[in-house]
Amino acid sequence: MRIFWRPFGFLRRLFKVESCSVTKSESLIPLAWTSQKLSKAPGIFLLDQRKRFSTMPEIERGQRDSELFSPPSDVRGMTTLDRTAFNKTVTIPVLKVRKEIVNKLMRSLKRAALQRPGIKRVIEDPEDEESRLIMLDPYKIFTNDSFEEAELSILKQLNVSPQISKYNLELTYENFKSEEILRAVLPEGQDVTSGFSRVGHIAHLNLRDHQLPFKYLIGQVMIDKNPGITLAVNKINNIDNTYRNFQMEVLYGEENMMTKVRENNYTYEFDFSKVYWNPRLSTEHSRITELLKPGDVLFDVFAGVGPFAIPAAKKNCTVFANDLNPESYKWLLHNCKLNKVDNKVKVFNLDGKDFLQGPVREELMQQLGPLSKERKHSVHIVMNLPAKAIEFLSAFKSLLDGQPCGRELLPIIHCYSFSKDANPAKDVQQQAEAVLGISLDPCSSVHLVRNVAPNKEMLCITFRIPAAILYKNQALDLENQEDPPPFKRQRTDKAFSEEKTTIA
Ligand SMILES: C[S@@+](CC[C@H](N)C(=O)[O-])C[C@H]1O[C@@H](n2cnc3c(N)ncnc32)[C@H](O)[C@@H]1O
């Protein structure tokens, strides 16, 4: 929305400078650019409604100032969508040209031509079938003098008079963008950001309190204006339930929560009402996947429907993926098949702690045991349950106690957390240290994943698990543990200043 409106303010400032040359017609007909309803008021509109096009040597400045392309003002407060209430007539400057030169001319009039989605830039001339009318941008072309030198020169070459005329253009609901519609409907001055997360055919909104009286209309507008969206839902609580699936209210459309999404070239199918899916994590999923090398082992403790596990398996990693939610487990299995990696992913339906102390422990005993001297690949453990994952780090304490203590590279943990602290990177490191009871200073890095809410960040702390944690009762040689190359001195996101990023 801002992108759309900013130039208007800018133009208003320009117009102010121009206002020293007020003409008689300007003060007499200040409203002629506004809606059809006003045009019906006697004496206000210049044109006979049947005659949509007339010669106009100069377009009035007052008209330029009005918000031409915003819907009629009386849609404000509408809660049940009435598309016809958006009908409006605006007066547009046009240039009359011979039809055979239109294509040639359009190349040179790109700047001056009207650019509005769904509106043709060249139309038939109702009065002369040998001519066409080129619609011009009313914010750039006000008078015959508004053309630039180069434009005037091509007009001259093609023997076209720069005389502009005006044309009554009928705008309908279809010609407005969703932001324009919502800005016109919702209370003036209130935020209308109509952003939503797209999950397949579903628009997932998170409406604020002041938007709730308009929620059904907003849902309908989202469906109308976004091809491929057939269902609009609103989040109705914070995801504090165990499985992290959203509680939702249907705003508009056919209630069908079974959906299919593409992320980083992989396909996932699931029931959005029963599992966790967040399209805002796609960059994070690919960031972790890029750290992996073919042959590496990945344990995904809170795997959801597979957005870390499946790309890793495609990269020829051996994957152990787990989720406590039986529905996530079901769709994880399904998606492994769908993406043809079911032979590379072992899927579990356990509590994260049981997964770590069961299948993960067993596999680590193999990976780190005496037969693993020649092991070249890395072992990664992803823990994406930001509200709680840090607590699960305690499951690593003494996990391999009693096992021969290998000198091989120990597993690399990528653990997610939220922070509301002024120094979120330091805070997350301290959270992890508090659970593990050990300093992570020499061997961890923190990455800012995303801003979840004002003053709330989602972060990922990455560190090689210290041997002192895994083998509590063994004599250790920690000095020989190398730092993991991919994130040794890794910079955190630009949001963290160099000073804050003391963790390397
Ligand atoms: C934030 S989601 C992350 C899912 C997936 N990794 C992703 O990036 O989209 C966390 C997942 O952890 C699962 N979960 C919650 N508590 C769990 C637990 N105690 N043990 C294992 N999985 C759990 C939820 O069902 C959910 O699928």
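Indexing begins at 1, ligand by ligand and atom by atom, following the structure's order. Side chains are part of it too, since the values below use all heavy atoms of this structure and drop only hydrogens, waters and symmetry mates.
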Measure from atom 2 (S) of ligand 1 to every heavy atom in Trp277, Phe348, Tyr276 and give the option owning the shortest one.
-> Tyr276
Look at ligand 1 and say whether Leu350 reaches it with a heavy atom at a distance under 4.0 Å.
-> yes
Electrostatic pair Glu327-Lys330, nearest N-O below 4.0 angstrom | yes
Is there at least one pair of N or O atoms, one from Phe308 and one from ligand 1, spaced under 3.5 Å apart?
-> no
Contact check, His285 vs ligand 1, heavy-atom distance below 4.0 Å | yes
Worked check of salt bridge (Lys or Arg N to Asp or Glu O under 4.0 Å) between Glu180 and Arg116 = CA-CA 13 Å; Glu180 291 165 345; Arg116 283 285 306 174; 3.0 Å; yes
For atom 1 (C) of ligand 1, the closest protein heavy atom turns out to be Asn384 O, 3.5 Å
Can you list the steps and then say if Tyr329 with Asn322 is a side chain to side chain donor-acceptor pair (under 3.5 Å)?
-> CA-CA 7 Å; Tyr329 170 78; Asn322 172 69; over 6 Å; no
Test log, rule salt bridge (Lys or Arg N to Asp or Glu O under 4.0 Å), inputs Glu391 and Lys388 | CA-CA 6 Å; Glu391 296 166 24; Lys388 282 194 174 160; 5.9 Å; no
Can you list the ligand 1 atoms lying under 4.0 Å from a non-hydrogen atom of Asn325?
-> 25 (O)
Going by the atom numbers of ligand 1, which of them fall below 4.0 Å from some non-hydrogen atom of Phe392?
-> 19 (N)
Starting from atom 12 (O) of ligand 1, locate the nearest protein heavy atom and write down its residue, its atom name and how far away it is, to 0.1 Å.
-> Phe302 CB, 3.3 Å
Polar atom proximity, Gly352 to ligand 1 (N or O, under 3.5 Å) | yes
By number and element, which atoms of ligand 1 are closer than 4.0 Å to a non-hydrogen atom of Asn322?
-> 21 (C)
Name of the residue among His201, Arg198, Glu269 meeting side chain to side chain donor-acceptor pair (under 3.5 Å) with Thr259 = His201
Got a salt bridge between Asp421 and Lys426, using NZ or NE/NH1/NH2 to carboxylate O under 4.0 Å?
-> no
Select the closest option to atom 26 (C) of ligand 1 among Thr242, Asp323, Leu281, judged by heavy-atom distance.
-> Asp323
Among His285, Glu290, Glu284, find the one that has a side chain to side chain donor-acceptor pair (under 3.5 Å) with Arg287.
-> Glu284
Under 4.0 angstrom from ligand 1, any heavy atom of Asp351?
-> yes
Aromatic ring pairing Phe392/Phe302, orientation class (parallel under 30°, perpendicular over 60°, tilted between) = perpendicular
What atoms in ligand 1 come closer than 4.0 Å to a heavy atom of Tyr243?
-> 24 (C), 25 (O), 26 (C)
Looking only at distances, please establish whether an N/O atom of ligand 1 is found under 3.5 Å from an N/O atom of Arg244.
-> no
Given the rule in the side chain to side chain donor-acceptor pair (under 3.5 Å) test, do Asn241 and Asn245 qualify, once you have shown the distances and angles that lead to the verdict?
-> CA-CA 7 Å; Asn241 63 339; Asn245 54 322; 2.5 Å; yes
Determine whether any heavy atom of Phe355 lies closer than 4.0 Å to an atom of ligand 1.
-> no
What atoms of ligand 1 come within less than 4.0 Å of a heavy atom belonging to Pro307?
-> 7 (C), 8 (O), 9 (O)
For the pair Asp427 and Lys420, find out whether any cationic side-chain nitrogen is under 4.0 Å from an anionic carboxylate oxygen.
-> no
